[in-house]
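Following: one structure in structure tokens, then a few remarks.
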Amino acid sequence: MSDVFLEFEWRGQLANATDGARELLAREKVSAYIGFDPSASSLHVGTLVPIVAMKRLQRFGHSPIALLGGGTGLIGDPSGKTVERMLLSADDVRVNVEGVRAQLSKLLEKNAEGPAVRFVDNADWLTRMSAMEFLRDVGKYFTVNYLLAKDSVNRRLESEDGISFTEFSYSLLQAYDFLVLHDRFKCTLQLGGSDQWGNIVAGCDLIRKLRGKPAHGVVMPLLTTSSGTKFGKTEAGTIWLDAGKTSPFRFYQFWLNADDRDVVSYLKYFTFRTQPEIGELEQALETRPEQREAQRALARDVTELVHGTDHVVRAERAAAVLFGGPLAQASVDDILMVFDDAPSITMAAGELDAGVSAAEMTVRTGLAASKAEAGRLIKQGGLYVNDRRFTDERGVMTMADAISRSVIVLRKGQRERRIVKIQE
């Protein structure tokens, strides 16, 4: 591809662009910014869309700016929201900004090609601006009619709760961010999700009115799955980039479980594979879908980007444990990683040396409500110890059942598991 605009186009990452943006990106190298909302201390898979877009800008020689919303985070962006956000405290926002900054530094500086990313925090200028300065220097250049025409405002006006002046003013704050970055770093382009279109255009308008120069915006479509659900939302909740919130194994599994109808678009969005490479994976998906080659490539690439190669290897090894590998031969670390969300209890090694009845163990782990119920479960062949069926209702479990003298995995039926962690 000759320029990043064409790259965004073939990857399906282009929802809208201001007039002249295509020509600008084909003609010269620019400074471009993307804003990141510090509503939590970790980013999630949805924010990989702008993160990967920023890395593409780097690869095409543009200078990216990552804007941390330490100032706007005190207000909250109403875009795409149906109700008013709960205001975060200044301390919470500061903690979240530092968490997001650390994640972005790792992701954007890893295997970076091209100009380095510049990090800025809009708290540095927004929190130092008085209300009078804001009204005179920014508010003066926007009519109420202009703001009422914004989709993010319009939808909220039609709702029962309406919109507060706090959120009503958000678009002006973001517009001012663009102006500051234009003045300080000659930034002429803002990227974001399609829900940011109104805010981005407001910034372009402010720069044109105050500086007499053109500025541009490019927005990407908001992702939904083929089933119509919001991308990144699962039954277990949000998929976070923080390994402490979503384990690398669960992260890998999220991508591996991508629907056949979604995986090709995800490969275009979230990986740096070329058009021919993705074409080959698309062909494999059509001719041998059971092998899930496209999903495996996607899971490897995105997990490597976020968590590193070592975690890809561990996740693939752990997946073999989950899907039919010999559990008794797996490492304790892999077992705990695979079943990190399973309820667990801790038991002293001495207790297992003496032996614990299978019925009692089943009750203590919560797989049965009583010993009578546990007995029936065992008699009917519904209890598994380390994936081996346990059929002796009067039997006992000992340290001989513990994998590496550290853990026992109990399973009821096909899915319900409990972990017994053993302390020497």
With a 4.5 Å heavy-atom cut-off, do [X] and [Y] have their side chains touching?
X	Y	answer
F36	I51	yes
V117	M54	yes
W255	V45	yes
V100	L68	yes
V385	M397	yes
Q295	L285	yes
L67	I34	no
M337	R314	yes

Please name the pair of heavy atoms, one in [X] and one in [Y], separated by the smallest distance, quoted to 0.1 Å.
X	Y	value
A32	L57	CB-CD1, 3.9 Å
G381	R389	O-NE, 2.8 Å
L241	V306	O-CG1, 3.9 Å
A215	T18	O-OG1, 4.4 Å
I65	C187	CD1-CB, 4.1 Å
A374	V363	CB-CG2, 4.2 Å

Would you sort out whether E7 and R11 count as a salt bridge (charged side-chain N to carboxylate O under 4.0 Å, His left out), showing the intermediate values?
CA-CA 6 Å; E7 180 83 1; R11 289 183 180 274; 2.8 Å; yes

Check: residues 175-182 side-chain donor-acceptor pairs under 3.5 Å, at least two apart:
unit_1	atom_1	unit_2	atom_2	d
D177	OD1	W125	NE1	2.8
D177	OD2	N122	ND2	2.9

Between [atom1] on residue [X] and [atom2] on residue [Y], distance to nearest 0.5 Å:
X	Y	atom1	atom2	answer
I419	T346	CD1	OG1	11.5 Å
F60	F8	CZ	CZ	8.5 Å
E167	L173	CD	CG	11.5 Å
I75	S169	CD1	OG	5.5 Å
D37	T47	CG	OG1	10.0 Å
L48	L43	CG	CG	8.0 Å

Just wondering, more than 12 heavy atoms not from [X] lying within 6.0 Å of its [atom1]?
X	atom1	value
K186	NZ	no
R415	CZ	no
E424	CD	yes

With a 3.5 Å cut-off and no angle check, do the side chains of [X] and [Y] form a donor-acceptor pair?
X	Y	result
Y252	E316	yes
T238	H44	no
S171	N199	yes
S89	D92	yes
Q174	T72	no
R261	S226	yes

Does the side chain to side chain contact (heavy atoms under 4.5 Å, CB included) test come out yes or no for Q103 and S42, once each step is laid out?
CA-CA 7 Å; Q103 284 186 333; S42 171; 3.0 Å; yes

Any donor-acceptor N/O pair, [X] side chain to [Y] backbone, under 3.5 Å:
X	Y	result
R292	L256	yes
D121	D124	no
R208	P214	no
K55	L107	yes
K412	L367	yes
K209	Y141	yes
H311	F249	no
R273	I278	no
D3	A26	no
T365	T362	yes

For R211 and D183, what are the C-alpha separation, side-chain angles and deciding distance, and is it a salt bridge (charged side-chain N to carboxylate O under 4.0 Å, His left out)?
CA-CA 9 Å; R211 302 295 181 259; D183 290 348; 2.7 Å; yes

Pairing of R296 and E293 as salt bridge, 4.0 angstrom limit:
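Looking at R296 and E293, the cut-off is not met.
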
Does the structure place the NZ or CZ of R411 under 6.0 Å from the centre of the six-membered ring of Y384, at an angle of no more than 45° from the ring's axis?
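Yes, a cation-pi geometry holds between R411 and Y384.
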
Distance to the ring centre below 6.0 angstrom and angle to the axis at most 45 degrees; does that hold for R59 and F272?
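Satisfied, under 6.0 Å and within 45°.
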
By side-chain contact (heavy atoms from CB on, under 4.5 Å), which residues pair with R388, not counting sequence neighbours?
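Applying side-chain contact (heavy atoms from CB on, under 4.5 Å) to R388 gives D401.
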
W240-F251 aromatic ring centre distance below 6.0 Å
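Ring-ring flag for W240/F251: false, centres at least 6.0 Å apart.
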
Quick check: F270 with F231 (ring centres under 6.0 Å apart)?
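Distance test on ring centres: under 6.0 Å, yes.
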
Where do R417 and D387 land on the side chain to side chain contact (heavy atoms under 4.5 Å, CB included) test, with the steps shown first?
CA-CA 10 Å; R417 289 183 173 87; D387 280 349; 4.3 Å; yes

Evaluation steps, side chain to side chain contact (heavy atoms under 4.5 Å, CB included), between L189 and H62
CA-CA 10 Å; L189 177 68; H62 302 285; over 6 Å; no

Could you walk me through whether Q283 and E286 pass side chain to side chain contact (heavy atoms under 4.5 Å, CB included), step by step?
CA-CA 5 Å; Q283 181 65 28; E286 293 173 359; 3.7 Å; yes

